Amino acid sequence: MLTTPAPAADGDLEPAVQAVETRLHALGQALLARDAAGVEQCACELHRALTEAVDAFSRAARRGDVPHELRRRLASATGQVAAQRESLARATAALDRAMDVLMPRPEDPVYSAPGYGGGARPGRSITA
């Protein structure tokens, strides 16, 4: 059985890091354009690229040849992903607060039967 030699770390890692950086940039552009379909597509592509990059880095780490510059670039890209995730979470929370102001939720208890208007409400007591 023949085995092929493992490719050099740069051969595996450079394209993987470049793919992550490219897809991260595309996601940023889709977010700026407020293109929901584009954001969804770019996020899926970025997820795939990150998975492939982590796999490539894991293989290279087992061989013991992970260049520092490529490690730094992947760490930077990962930090940007985290920053975008945090920014999106803050925007979502702000939108949720705005929606609560515009469309207040009913005061019915959380655990009541759907459509049942009876039950305890703030300031009321239940009598048997």
Side-chain angles (χ1 to χ4, degrees):
M1 180 165 103
L2 295 173
T3 59
T4 57
D10 285 354
D12 271 353
L13 301 180
E14 177 63 34
V17 172
Q18 183 64 41
V20 169
E21 291 169 340
T22 299
R23 283 160 178 83
L24 184 59
H25 178 73
L27 178 60
Q29 294 300 312
L31 286 168
L32 285 174
R34 297 178 186 202
D35 176 10
V39 167
E40 182 70 25
Q41 179 182 353
C42 290
C44 288
E45 291 173 359
L46 177 59
H47 183 266
R48 190 175 320 113
L50 281 167
T51 300
E52 291 170 4
V54 167
D55 288 345
F57 271 78
S58 293
R59 287 189 305 273
R62 283 192 294 272
R63 292 188 309 260
D65 56 352
V66 178
H68 177 72
E69 178 59 21
L70 291 176
R71 183 182 304 157
R72 185 198 61 74
R73 284 173 54 198
L74 184 61
S76 174
T78 303
Q80 290 174 15
V81 169
Q84 281 187 348
R85 184 183 302 133
E86 179 63 29
S87 177
L88 191 56
R90 281 194 303 268
T92 301
L95 179 61
D96 287 346
R97 286 191 302 274
M99 292 302 293
D100 285 343
V101 168
L102 295 173
M103 300 170 50
R105 296 176 190 203
E107 293 184 25
D108 288 340
V110 175
Y111 295 106
S112 68
Y116 178 69
R121 293 191 182 196
R124 290 187 172 176
S125 63
I126 297 176
T127 56

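Everything numeric in this text was worked out from a predicted model, so none of it was measured. In this chain, residues are counted from 1 in sequence order.
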Counting only heavy atoms not in Glu40, do more than 12 sit closer than 6.0 Å to its CD atom? no
Rounded to the nearest 0.5 Å, what separates atom NE2 in His68 from atom CZ in Arg71? 7.5 Å
Side-chain donor-acceptor contact under 3.5 Å, Gln84 with Gln80: no
Side chains of residues 46-61: which donor-acceptor partners sit under 3.5 Å, not counting sequence neighbours?
{"unit_1": "Thr51", "atom_1": "OG1", "unit_2": "His47", "atom_2": "O", "d": "3.0"}
{"unit_1": "Ser58", "atom_1": "OG", "unit_2": "Val54", "atom_2": "O", "d": "2.9"}

Determine yes or no for a side-chain-to-main-chain donor-acceptor pair under 3.5 angstrom, with Ser87 supplying the side chain and Ala83 the backbone. no
Starting from Val101, can I reach Leu95 by hopping between I/L/V/M/F/W/Y residues whose side chains sit under 4.5 Å apart? no
Donor-acceptor pairs under 3.5 Å, side chain of residues 16-33 to any protein atom, not counting sequence neighbours: which ones?
{"unit_1": "Gln18", "atom_1": "NE2", "unit_2": "Thr22", "atom_2": "OG1", "d": "3.3"}
{"unit_1": "Glu21", "atom_1": "OE1", "unit_2": "Arg73", "atom_2": "NH2", "d": "2.8"}
{"unit_1": "Glu21", "atom_1": "OE2", "unit_2": "Arg73", "atom_2": "NE", "d": "2.9"}
{"unit_1": "Thr22", "atom_1": "OG1", "unit_2": "Gln18", "atom_2": "O", "d": "2.9"}
{"unit_1": "Arg23", "atom_1": "NH1", "unit_2": "Ala19", "atom_2": "O", "d": "3.4"}

